Undergrad: 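After the structure tokens below, expect a handful of questions from me.
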Amino acid sequence: MKAHDGLYIDGAWRPAGSRDVIEVVNPADEQVIGRVPAGGALDVDTAVRAARAALPAWAATPPAERAARLAALRDALVARKDEIAGTVTAELGSPPQFSEAVHAGVPIAVAGSYAELAAAHPFEEKVGNSTVLHEPIGVVGAITPWNYPLHQIVAKVAPALAAGCTVVLKPAEDTPLTAQLFAEAVHEADVPAGVFNLVTGLGPVAGQALAEHPGVDLVSFTGSTAVGRQIGSLAGAAVKRVALELGGKSANVILPSADLAKAVAVGVANVMSNSGQTCSAWTRMLVHRDRYDEAVELARAAAAKYGDRIGPLVSARQRERVRGYIEKGVAEGARLVAGGPESPREQGYYVSPTVFADVTPEMTIAQEEIFGPVLSILRYDDEDDALRIANGTVYGLAGAVWAADEAEAVAFARRMDTGQVDINGGRFNPLAPFGGYKQSGVGRELGTHGLAEYLQTKSLQF
């Protein structure tokens, strides 16, 4: 049991304004494993005031010194890598190996990348007779999701600190223990008081208070498109900037020339990763009708190999949501070839790896984000038909294209309305910009493009 009774504000752990708490449940065994304060509007106000007070000095800190603090933060995360992985496994249900490699390893790499960018980024440039200054936007309200609890924190906080901004973080209520570890690492890295602040709390209370607070200059949110619209509306009323990384329904397009066995195997693995709780997951597999039956059989066999290898969903609420989508898929006429709505275990929030065939583009499971281990396989007639289907949702976050000829795959990818496309299984790049088209969001994360979200420009004419 990890019981925290404080919020990290102005460089110290302080009691919350009320005694309300959030209980953290292990989704694998449904046992309470921790408690954190349920911060409210007054706590958010205190944190924002601390961030505003710390802003002038931090914004004026030389980039090399900001880089040094970020490097120290990376080192503090490295020292806590095992504890981070264990905590994510406990509160999210992620298998230990995945927690170590992805949930702990990737944020460490991202933190290191921003330590380097903070030192190397040109915060001033000459444009003709002008000097253009790239200055911090100000106080950032960061609201993060539960599915990648540390990565999403680092992907917002690290570039904000590199830019010279100060931050108030409101993490997801399902996975707040990881955020507590991050705050401890920030403190150990000697980041000045008030530069980073943590308020745990409920989204409709602390999250809304942070999004609409007049002392916040930018709201960076990752989560559902529905909540993103609400945050955008709140921010728009105050004419403040937003960065929104929202939902996805990404297409995995397998062109006829592709290595079908490899494309299907990697595609299924992508959907089952993190128990399907990934906004960029390739949840729609598009296969030419001449190879469709073969692809369905390959996907069925691949899904069967996962079985107990994937963890539970984060909560009972999320499990019921995913089961509801599976039931709707059956009701609308899709053919269930693996898995189904029945829980594979008596205890824990598990859902079986599920594959649907005979899915048509207008079906609910082909249009809406499910956020669970559910794959839909769709037929297409030719490349134009595949493109129509791939682009035929309100989302545009990620995707994949497979072909024997790389140039053929790239040509197709250029026509996709989506923010990131993997070509023939391209590797994750922590420096490449990540973000969506259409209702998948506004803005970009990671690398120099992620840093730019936290900067504003001023020109001096001579």
Side-chain angles (χ1 to χ4, degrees), residues 1-8 13-16 18-39 43 76-77 79-107 143-154 169-187 198-203 205-207 223 273-278 308-322 343-351 371-373:
M1 172 70 70
K2 295 184 177 181
H4 294 270
D5 58 4
L7 308 172
Y8 187 75
W13 293 97
R14 303 173 183 274
S18 77
R19 294 188 177 184
D20 294 340
V21 298
I22 297 171
E23 291 190 334
V24 183
V25 176
N26 184 329
D29 61 15
E30 304 179 43
Q31 300 300 306
V32 175
I33 59 170
R35 294 182 181 88
V36 299
D43 300 303
L77 293 174
R80 287 170 168 76
K81 185 175 182 180
D82 291 343
E83 186 179 8
I84 290 167
T87 300
V88 174
T89 291
E91 65 180 351
L92 179 63
S94 171
Q97 186 175 7
F98 191 80
S99 291
E100 181 178 354
V102 176
H103 288 294
V106 171
I143 303 174
T144 56
W146 46 260
N147 59 326
Y148 288 90
L150 184 59
H151 171 65
Q152 294 292 349
I153 290 171
V154 172
L169 169 67
K170 205 300 285 185
E173 48 262 40
D174 289 309
T175 55
L177 301 179
T178 302
Q180 299 271 1
L181 289 178
F182 179 79
E184 292 174 5
V186 169
H187 190 80
L198 169 67
V199 178
T200 52
L202 301 175
V205 180
S273 176
N274 209 40
S275 302
Q277 299 169 129
T278 303
D308 292 338
R309 289 168 55 191
I310 66 172
L313 300 183
V314 72
S315 64
R317 178 185 67 255
Q318 184 64 16
R319 178 188 60 187
E320 293 313 303
R321 180 178 186 273
V322 172
S343 296
R345 302 189 188 186
E346 293 185 1
Q347 190 177 46
Y349 308 133
Y350 291 87
V351 171
F371 229 60

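Being a predicted model, the structure only gives us computed values, none of them experimental.
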Undergrad: Does the side-chain hydrogen bond (donor to acceptor under 3.5 Å, both in side chains) test come out yes or no for Ser275 and Tyr350, once each step is laid out?
TA: CA-CA 9 Å; Ser275 302; Tyr350 291 87; over 6 Å; no

Undergrad: Please report the interatomic distance CG(Leu177) to CD1(Ile33), rounded to the nearest 0.5 Å.
TA: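 Leu177 CG to Ile33 CD1: 5.5 Å, rounded to 0.5 Å.
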
Undergrad: Using modelled atom types only, decide if a donor and an acceptor are shared between the side chain of Gln347 and the backbone of Asp29 within a distance under 3.5 Å.
TA: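 At least one qualifying donor-acceptor pair exists.
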
Undergrad: Where do Ala206 and Gly39 come nearest, in terms of heavy atoms and distance?
TA: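 That closest heavy-atom pairing would be CB-O, 3.6 Å.
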
Undergrad: On a heavy-atom basis, which atom in Ala179 and which in Leu169 lie closest, and how many Å separate them?
TA: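 For Ala179 versus Leu169, the nearest heavy atoms are CB-CD2, 4.4 Å.
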
Undergrad: Between atom CD of Gln152 and atom NE2 of His103, what is the distance when rounded to the nearest 0.5 Å?
TA: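 Rounded to the nearest 0.5 Å, the CD-NE2 separation comes out at 10.5 Å.
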
Undergrad: Side chain of Asn147, backbone of Gln277: donor and acceptor closer than 3.5 Å?
TA: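 Flag set: sc Asn147 to bb Gln277 pair under 3.5 Å.
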
Undergrad: Would you give the length of the straight line joining atom CG of Leu198 to atom CD1 of Ile153, rounded to the nearest 0.5 angstrom?
TA: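 The CG atom of Leu198 sits 7.5 Å away from the CD1 atom of Ile153.
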
Undergrad: Taking atom CG as the centre, does Asp5 end up with more than 12 heavy-atom neighbours from other residues, nucleotides or ligands that are less than 6.0 angstrom away?
TA: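 No, CG of Asp5 has 12 or fewer neighbouring heavy atoms, counting only those of other groups under 6.0 Å.
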
Undergrad: Could you tell me whether the side chain of Leu181 reaches within less than 4.5 Å of the side chain of Glu184, counting heavy atoms only?
TA: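 The answer is yes, as the side chains (C-beta and beyond) meet within the 4.5 Å cut-off.
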
Undergrad: Within a strict 4.5 Å, meaning less than it, do heavy atoms of the Tyr148 and Val106 side chains meet?
TA: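 Not touching, per the 4.5 Å side-chain cut-off.
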
Undergrad: Just verifying a value: how many Å separate Phe371 CZ and Gln318 CD, rounded to the nearest 0.5 Å?
TA: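 If we round to the nearest 0.5 Å, Phe371:CZ and Gln318:CD are 7.0 Å apart.
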
Undergrad: Identify the two heavy atoms, one from Val154 and one from Pro107, that lie closest to each other, and give their separation to 0.1 Å.
TA: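 Closest heavy-atom pair between Val154 and Pro107: CG1-O, 3.5 Å.
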
Undergrad: May I ask you to test the Asn274-Val102 pair for a side-chain heavy-atom distance under 4.5 Å?
TA: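 The answer is no, as the side chains (C-beta and beyond) never meet within the 4.5 Å cut-off.
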
Undergrad: Could you tell me which residues satisfy salt bridge (charged side-chain N to carboxylate O under 4.0 Å, His left out) with Glu173, sequence neighbours excluded, listed by chain and number?
TA: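 Result, salt bridge (charged side-chain N to carboxylate O under 4.0 Å, His left out) vs Glu173: Lys170.
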
Undergrad: Does the side chain of Thr175 come within less than 4.5 Å of Val88's, by heavy atoms?
TA: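 Val88 vs Thr175: side chains apart.
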
Undergrad: Going by the side chain to side chain donor-acceptor pair (under 3.5 Å) test, which pairs reach into residues 87-98, not counting sequence neighbours?
TA: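 Residue pairs with at least one partner in residues 87-98: Lys2-Thr87, Thr89-Ser99, Glu91-Thr178, Ser94-Ser99.
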
Undergrad: Nearest 0.5 angstrom please: Glu30 CD to Asn26 CG, how far?
TA: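 Glu30 CD to Asn26 CG: 9.5 Å, rounded to 0.5 Å.
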
Undergrad: Which pair of non-hydrogen atoms, one from Ser18 and one from Ala38, has the smallest distance, and what is that distance?
TA: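 Heavy atoms of Ser18 and Ala38 come nearest at OG-O, 4.0 Å.
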
Undergrad: Can you tell me if Arg319 uses its side chain to pair, donor with acceptor, with the backbone of Gly348 under 3.5 Å?
TA: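 Flag set: sc Arg319 to bb Gly348 pair under 3.5 Å.
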
Undergrad: For Leu92 versus Trp146, what's the shortest heavy-atom pair and its separation?
TA: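 Scanning both residues, the minimum pair turns out to be CD1-O, 3.5 Å.
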
Undergrad: Out of curiosity, His151 NE2 to Thr144 OG1, how far, rounded to the nearest 0.5 Å?
TA: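 Result: 11.5 Å between the selected atoms.
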
Undergrad: Identify the two heavy atoms, one from Pro37 and one from Gln180, that lie closest to each other, and give their separation to 0.1 Å.
TA: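 Distance-wise, the nearest heavy atoms are CD-NE2, 4.4 Å.
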
Undergrad: Quick one: are Pro95 and Arg309 in side-chain contact, heavy atoms under 4.5 Å?
TA: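 Of all side-chain heavy-atom pairs linking Arg309 with Pro95, none is under 4.5 Å.
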
